[in-house]
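Reviewing the structure listed below.
These numbers come from the heavy atoms of this one structure, side chains and all, not from hydrogens, waters or symmetry mates. By convention in this document, chain letters (A, B, ...) are assigned in the order of the sequence lines, proteins followed by strands, and residues within each chain are numbered from 1.
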2 protein chains.
Amino acid sequence: MATRIVEPEAGPRSKRAAILTAAVDCFGETGFEATKWSTVAERVGIGQTALYHYFESKTHCLLTIMRLELQRSHDKFTEATESVADPVEALRAAVRGAYDVSDHEVLQMRILQSHMDLLAGPRKSKREEAERVAARRLVQLVERDWTHLLVRGMSQGSFPLRDAQLLGAAVLGLIVSVWRWYRPSGPTPLSEISELIEGACVRMVAM
Amino acid sequence: MATRIVEPEAGPRSKRAAILTAAVDCFGETGFEATKWSTVAERVGIGQTALYHYFESKTHCLLTIMRLELQRSHDKFTEATESVADPVEALRAAVRGAYDVSDHEVLQMRILQSHMDLLAGPRKSKREEAERVAARRLVQLVERDWTHLLVRGMSQGSFPLRDAQLLGAAVLGLIVSVWRWYRPSGPTPLSEISELIEGACVRMVAM
DNA sequence: GATCAACCTGAGCCAAGTTCAATTCAGTTT
DNA sequence: AAACTGAATTGAACTTGGCTCAGGTTGATC
């Protein structure tokens, strides 16, 4: 149980990583449906059919990107909060961690948020379904991360008692909603967004 | 300017409304990409090509649904807040209004939220582009609705001074994030969600 | 230098959205 | 009632883009 997907061994001339990078760029900028699978191949410098050596389908590649990003989010939450005892400070650290991302990771978050619904229904093919299940598990882990933080704060008396499940979903929803509209090239720097959301979360939860 | 799209007048045997209803059901349950355009036709009881008498494309139909829902949201905000002087109460009323929806409207919100990114880039065909531009304008109106409410509250001293633009986006993001996961058949009634979010918004904005 | 697995390709298949020319239908005119 | 009109509908064919297949190339290893 709790099986983390084993990344396929990267042979020395494997283009898997290059494909993932190119796909994140394309899917992130142009959108998944709007980008032609062949464009990704072109950008990597291989024929479109070569893609199928690494991914079963365009969707399989998308699901892989989503799983990797979820894994990163989960790890980041753990890293940001593990050494912080005070719930309010842990919450602040978690929010700051959520916005401490590179431009490339911004794209990955955007892709992830835009296709969450894919994780709902089952997939036909084996490998797609494996990625979907792994991603779903990670979604639950991330939700649990936030909910647990709230539960901890409530039982410690730092936060007023409320439905932690629901409030956790709300906090998470608030945080990730930013990825729908934020653009690194836009007028508002991420640091400013991070600060405002951090404050908003604390008020939402701790008051 | 400020051109509201004129709905094509419905001849007595027009199936336009029936198509929109069927499409909302299909797109909302199954997802836009996953539903075959021909399935919508089937459900209405016409051949797939007949759809093109009413909509230029599957996407044109989607954009129309989105525009109509945005119009509804904007109207609802106005209706809910216009007679409420106190900013805190107006905020509460606006949130309650946002969740005062039928099951069918839940689907429409879900569709809208899942395809906001469509409004970003321009469309190739005339009628699609017209719907897109109209929808974009409505998005701005809705954003302005919420931002203005915050500005009003801030200048009246009901809310502490903060970046109203950013905070407005956050509030709106929090509210609509619910539509990604809420299901009428789910364990949590919408009334409960509405109350929790209402409180959260007030704390976010007024404290 | 033979072998084997990883890696890659051109040709072509297929599903789903779309176009188009032709037809039916309901109501209006003469 | 016959002729006409525009809205509504259709079957057949076209287009696009993801995907399959059968086979070819590369390079590490023995």
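Each of C:dT18, C:dC7, D:dG11 was ranked by its minimum atom distance to the side chain of A:Tyr54; first place goes to C:dC7. Nearest to the side-chain atoms of B:Ser14 among the listed nucleotides D:dA8, C:dT18, C:dC7 stands D:dA8. Between C:dA16, C:dC20, C:dG10, one nucleotide has an atom nearer to the side chain of B:Lys36 than all others, and that is C:dA16. Minimum atom distance to the side chain of A:Ile46 is reached by C:dT9, of the listed C:dT18, D:dG17, C:dT9. Considering only the side chain of B:Ala50, D:dT10 comes nearest among D:dT10, C:dT18, D:dC19.
Look at CZ on A:Phe27: it is 9 Å from P on D:dG18, rounded to the nearest Å. Note: CD (A:Gln48) to P (D:dT20) measures 13 Å, nearest angstrom. Rounded to an integer number of Å, the gap from A:Arg16 CZ to C:dC7 P is 11 Å. Atom P of nucleotide C:dA16 and atom CD of B:Glu42 are separated by 12 Å, given to the nearest angstrom. When the P atom of D:dT15 is taken as reference, atom NZ of B:Lys124 falls 16 Å away, rounded to whole Å. What separates CG of B:Leu51 from P of D:dG11 is a distance of 13 Å, to the nearest Å. Rounding to whole angstrom units, CZ of residue A:Arg13 and P of D:dT25 are separated by 13 Å. For B:Leu62 and C:dT18, the CG to P distance is 12 Å, given to the nearest whole Å.
Proximity of a side-chain donor or acceptor of B:Glu129 to a complementary backbone N or O of B:Arg123 within less than 3.5 Å is detected.
Nucleic acid contact for A:Thr35: sugar-phosphate only, since backbone atoms but no base atoms lie under 4.0 Å from a heavy atom of the residue.
A centroid separation of less than 6.0 Å is found between the aromatic rings of A:Trp179 and A:Tyr99.
In this model, the phosphate group of D:dA8 is approached by a side-chain N or O of B:His53 to a distance below 4.0 Å at OP1 or OP2. For the pair B:Tyr52 and D:dA8, the criterion of a side-chain N or O lying under 4.0 Å from OP1 or OP2 is not met. Side-chain nitrogen and oxygen atoms of B:Lys15 include none within less than 4.0 Å of the OP1 or OP2 phosphate oxygen of D:dA7.
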message: Evaluate B:Thr64 against B:Glu131 for side-chain hydrogen bond (donor to acceptor under 3.5 Å, both in side chains), listing each step before the verdict.
response: CA-CA 6 Å; B:Thr64 303; B:Glu131 289 288 5; 3.2 Å; yes
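Taking only distance into account, the side chain of A:Ser38 never meets the base of D:dG18 through a donor-acceptor pair shorter than 3.5 Å.
Contact of the B:Leu190 side chain with the B:Val101 side chain is registered, since non-hydrogen atoms from C-beta on lie closer than 4.5 Å.
Put simply, the residue from B:His104, B:Arg110, B:Glu105 that forms a side-chain hydrogen bond (donor to acceptor under 3.5 Å, both in side chains) with B:Gln108 is B:His104.
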